[in-house]
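Chain identifiers are assigned alphabetically (A, B, ...) following the order of the sequence lines, protein sequences preceding nucleic acid strands; residue numbering begins at 1 within each chain.
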Number of protein chains: 2
Amino acid sequence: MPASRKPAPVGAEHAPLELEHFLPYRLSILSNTVSQAIADDYQRRYDLSVTEWRVMAVLARFHGLSAREVAERTAMDKVAVSRALARLVEAGRVHRDTHGNDKRRSVLSLTEAGWLIHDDVAPMARAREREVLAKLDAEERDWLTRILDKLQPVQKP
Amino acid sequence: MPASRKPAPVGAEHAPLELEHFLPYRLSILSNTVSQAIADDYQRRYDLSVTEWRVMAVLARFHGLSAREVAERTAMDKVAVSRALARLVEAGRVHRDTHGNDKRRSVLSLTEAGWLIHDDVAPMARAREREVLAKLDAEERDWLTRILDKLQPVQKP
DNA sequence: CCGTTATAGTTACATATGAAACTAATTGCA
DNA sequence: TGCAATTAGTTTCATATGTAACTATAACGG
């Protein structure tokens, strides 16, 4: 009985999970596949991790954030952000200042080098997203947006 | 300017990514949130990782799989499966035999203890999935299934 | 047969990640 | 004031994960 294994007899009454129809499992596979496809584009080229890229993306959009604010915006924990920032600053991609009134807080911004990378990677990321969404028609894309909005309310600052 | 940072001026012409509307990012957050909610249920109780649980789930459904077949069914790589199996066998939750005709291959099955855990965890996992899906109405659930099917064709053995 | 190649699974190493402890600075309030 | 409680950020440590190398067995082709 080589290739195809048969499911367990139903009589056994164990009600096993059908992983391939189980939402959390499907989301996990899909998310990893999509994120990896995009990351492949820039990881080799810039030696940039996904977390580092996310930090750069929010710093491109919001100027002068602190590390904690970056953590909120990226939904990453502060340790991950701290490490990503350490690498980005070291690589000269992010500039770190200290807040005038509160010496605990950092004031972060992309450097010129950081902007160059951003301006190369952002269009690639958008193009990959379009490739994925191209598998859906317009109606399905609308539903997907609506469904994601209901499953995970977007944090509006 | 304390709480709310303002976006960068559009004139700067850098077209930053809006992470909160970027599909890969949203999928990643949603997937992690959902998986973690479920994992919390059983990780403490049984000291069981997500990968271990997935291995158990496919072994509940398909009897006598080899490690490689488990890897295919779970979309995990063979190293991850090997490690999960090592722990599961050590913990007495999975029984490992050797294939009669091919001494390289293992023949895997849940032990009695494994079944007990499975029969406790599987309903919990399903209940959590229902909680998530309860945020959607019937029509949205149908669309979600259709959309997932189009984005990631299900492997049929 | 016997050597090459392929397959199943494990081990080793390097890196990533998360929780908790820690440092430094600020805030709250008696 | 001054001291306890918060907050920002980093470091430490234990664990997880992926890639590549490795072992053992089996399949293939002359």
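Comparing C/dG18, C/dT10, D/dT10 by their nearest atom to the side chain of A/R83 picks out C/dG18. Distances from the side chain of A/V79 to the nucleotides D/dG18, C/dA20, C/dT17 place C/dA20 closest. When distances run from any side-chain atom of B/R96 to the nucleotides C/dG9, C/dA20, C/dT11, the shortest one goes to C/dG9. With D/dG9, D/dT17, C/dG9 as the choices, the nucleotide that has an atom nearest any side-chain atom of B/S82 turns out to be C/dG9. Side-chain atoms of A/R104 lie closest to D/dT6 of the nucleotides D/dT11, D/dT6, D/dT19.
Computed from coordinates, the A/K78 NZ to C/dA20 P distance equals 12 Å when rounded to whole Å. Atom CG of B/D102 is separated from atom P of D/dT23 by 20 Å (rounded to the nearest Å). Rounded to whole angstrom, the span from the CG atom of A/D77 across to the C1' atom of D/dA8 amounts to 14 Å. The CD atom of A/E69 sits 14 Å away from the P atom of D/dT7 (whole-angstrom rounding). Between the CG atom of B/D97 and the C1' atom of C/dG9 there is a distance of 16 Å, given to the nearest Å. Straight-line distance from the CE atom of A/M76 to the P atom of C/dA19: 14 Å, rounded to whole Å. B/D47 places its CG atom 13 Å from the C1' atom of D/dA16, with the value rounded to the nearest Å. Rounded to whole angstrom, the span from the CG atom of A/N101 across to the P atom of D/dT7 amounts to 18 Å.
In this structure, A/S106 reaches the sugar-phosphate backbone alone: every heavy-atom distance under 4.0 Å involves primed, P, OP1 or OP2 atoms, never a base. Residue B/K103 is in sugar-phosphate contact alone, with no base atom involved, counting any heavy-atom pair closer than 4.0 Å across all strands shown.
Neither OP1 nor OP2 of D/dA27 sits under 4.0 Å from any side-chain N or O of B/R105. Between C/dA8 and B/R68, a contact under 4.0 Å exists linking OP1 or OP2 to a side-chain N or O.
No hydrogens or angles considered: a donor-acceptor pair under 3.5 Å links the side chains of A/D40 and A/Q36. A donor-acceptor contact under 3.5 angstrom links the side chains of B/Y46 and B/D120, judged on distance only.
Taking the six-membered ring where tryptophan is involved, the planes of A/H63 and A/W115 are perpendicular, since the angle between them exceeds 60° and thus also 30°. Ring planes of B/W143 and A/W143: parallel class, angle under 30° (limits at 30 and 60°).
Under the 6.0 Å distance and 45° angle rule, B/R73 counts as a cation-pi partner of B/F62.
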